[in-house]
Amino acid sequence: MSHIQQEIKTITNALPEGVRLVAVSKFNPESAIQEAYDCGQRIFGESQVQELQRKQEILPKDIQWHFIGHLQTNKVKYIAPYVAMIHAVDSEKLLLEINKQAEKHQRIIPCLLQLHVAQEETKYGFSEQECWNFLKNGSWKDLKHVMISGIMCMASNVDDNKQIKSEFHRAYEFFLKAKSEFFVSQPTFCECSWGMSHDYPIAIQEGSTLIRVGSKIFGERKY
Ligand SMILES: *Cc1c(COP(=O)(O)O)cnc(C)c1O
């Protein structure tokens with residue numbers, strides 16, 4: 001087994017039931033993805049449209065590509081034919097565009113709403129209030145080609161595990177509240193996307209169902 005395959009096995013063998021691994025393959029070559037694929041990994045995360053386009057064409061068609069980065073509205077059309085989930089929806093405008101492009105391909109694209117819980121100013125996402133207002137407004141219920149499937153967040157990039165834990169906790173509380181208020185009869189609202197290489201064990205303690213792990217599997221990226 002290669003290093004990549006060993007890491008995938010180590011991580012997935014330890015996952016509790018109901019938690020899935022998104023192997024974040026951004027900036028890594030197709031060969032690395034193929035190695036991961038060969039040991040059974042099927043969900044991969046990418047954060048750049050052009051790069052995803054290139055990889056999607058070459059690699060096996062049963063890969064589930066999750067778009068995890070900030071998505072520009074004008075680029076939705078490129079990934080709409082195949083993308084399996086869009087993690088970081090942070091505006092109504094973006095959701096409308098995803099719905100429009102999904103309709104062209106007669107698809108329903110699962111989307112997560114990105115919640116801003118970190119202290120850093122630079123991160124994207126709805127504030128809790130904005131997200132709540134958006135859900136309460138209800139206009140998303142008319143969109144037949146997107147399925148709001150849960151919440152995504154990133155914790156602050158700090159070493160303080162207590163802070164990370166409390167940020168994931170807030171996101172989880174928000175998820176539970178939103179679920180009971182707006183999605184009672186919709187079991188498809190079930191995903192909590194949080195946890196990266198350095199903080200995914202904490203994320204799992206705080207309700208994560210999708211961990212997004214890159215460098216721990218593929219090695220440090222060379223930017
Ligand atoms: C790059 C990235 C990850 C993976 O980060 P690692 O620290 O390499 O595990 C997860 N989520 C998002 C949104 C990312 O951009």
Side-chain angles (χ1 to χ4, degrees), residues 3-12 14-15 19-30 32-33 35-36 41-55 63-72 75-76 79 83-91 94 98 109-126 131 149-161 163-165 167-168 171-172 175 191-223:
H3 174 75
I4 288 174
Q5 292 174 334
Q6 262 162 14
E7 285 296 335
I8 291 208
K9 284 296 160 211
T10 306
I11 295 169
T12 54
L15 289 183
V19 184
R20 295 182 295 161
L21 168 66
V22 179
V24 176
S25 47
K26 62 184 186 196
F27 308 133
N28 283 282
E30 286 84 349
I33 300 175
E35 269 182 49
Q41 181 65 27
R42 289 295 178 272
I43 309 176
F44 292 89
E46 289 284 336
S47 61
Q48 295 196 350
V49 169
Q50 264 197 332
E51 181 178 350
L52 173 53
Q53 286 286 89
R54 190 188 77 224
K55 291 174 172 173
I63 287 179
Q64 297 159 41
W65 294 105
H66 285 210
F67 196 85
I68 62 166
H70 180 66
L71 180 56
Q72 286 172 281
K75 294 192 175 163
V76 174
I79 62 172
V83 71
M85 185 176 280
I86 296 176
H87 282 234
V89 175
D90 60 357
S91 72
L94 178 57
I98 297 168
I109 299 180
C111 292
L112 307 180
L113 301 177
Q114 183 177 11
L115 205 59
H116 179 112
V117 291
Q119 281 179 353
E120 284 120 6
E121 288 291 328
T122 54
K123 301 248 164 91
Y124 295 102
F126 288 106
C131 196
S149 304
I151 301 294
M152 176 266 198
C153 79
M154 289 169 87
S156 296
N157 188 14
V158 294
D159 290 329
D160 181 355
N161 286 351
Q163 183 181 340
I164 294 171
K165 193 170 168 71
E167 290 174 357
F168 288 148
Y172 189 47
F175 165 80
E191 301 292 3
C192 293
S193 168
W194 42 84
M196 305 171 30
S197 290
H198 67 287
D199 58 16
Y200 78 86
I202 305 173
I204 291 170
Q205 292 170 4
E206 294 299 335
S208 177
T209 62
L210 287 168
I211 57 169
R212 309 181 308 266
V213 178
S215 47
K216 185 171 163 52
I217 296 169
F218 295 106
E220 290 300 323
R221 289 178 294 273
K222 297 172 196 78
Y223 288 95

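Start at 1 and go down the list; that is how both ligands and their atoms are numbered. Here the structure is a predicted model, which is why all the values come from computation and not from measurement.
No heavy atom of K216 sits closer than 4.0 Å to any atom of ligand 1.
W194 and S208 make their closest contact through O-OG, 2.7 Å (heavy atoms, listed as atom of the first residue, atom of the second, distance).
The 12-atom threshold is not exceeded at CG of D159, counting heavy atoms of other residues, nucleotides or ligands nearer than 6.0 Å.
Using a 4.5 Å cut-off on side-chain heavy atoms (C-beta onward), L94 and Q114 make no contact.
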I164 vs S156, test: side chain to side chain contact (heavy atoms under 4.5 Å, CB included). Steps then yes/no.
CA-CA 6 Å; I164 294 171; S156 296; 5.8 Å; no
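In terms of N/O distances under 3.5 Å, ligand 1 is not approached by V24. Looking at ligand 1, you'll find an N or O of R212 within less than 3.5 Å of one of its N or O atoms. By the 3.5 Å distance cut-off applied to N or O atoms, S47 is not counted among the residues near ligand 1.
Within ligand 1, counting atoms from 1 as listed, the ones closer than 4.0 Å to a heavy atom of V213 are 9 (O).
For the salt bridge (charged side-chain N to carboxylate O under 4.0 Å, His left out) condition, the pairs that include at least one residue of residues 206-219, sequence neighbours left out, are E7-K216, K165-E206.
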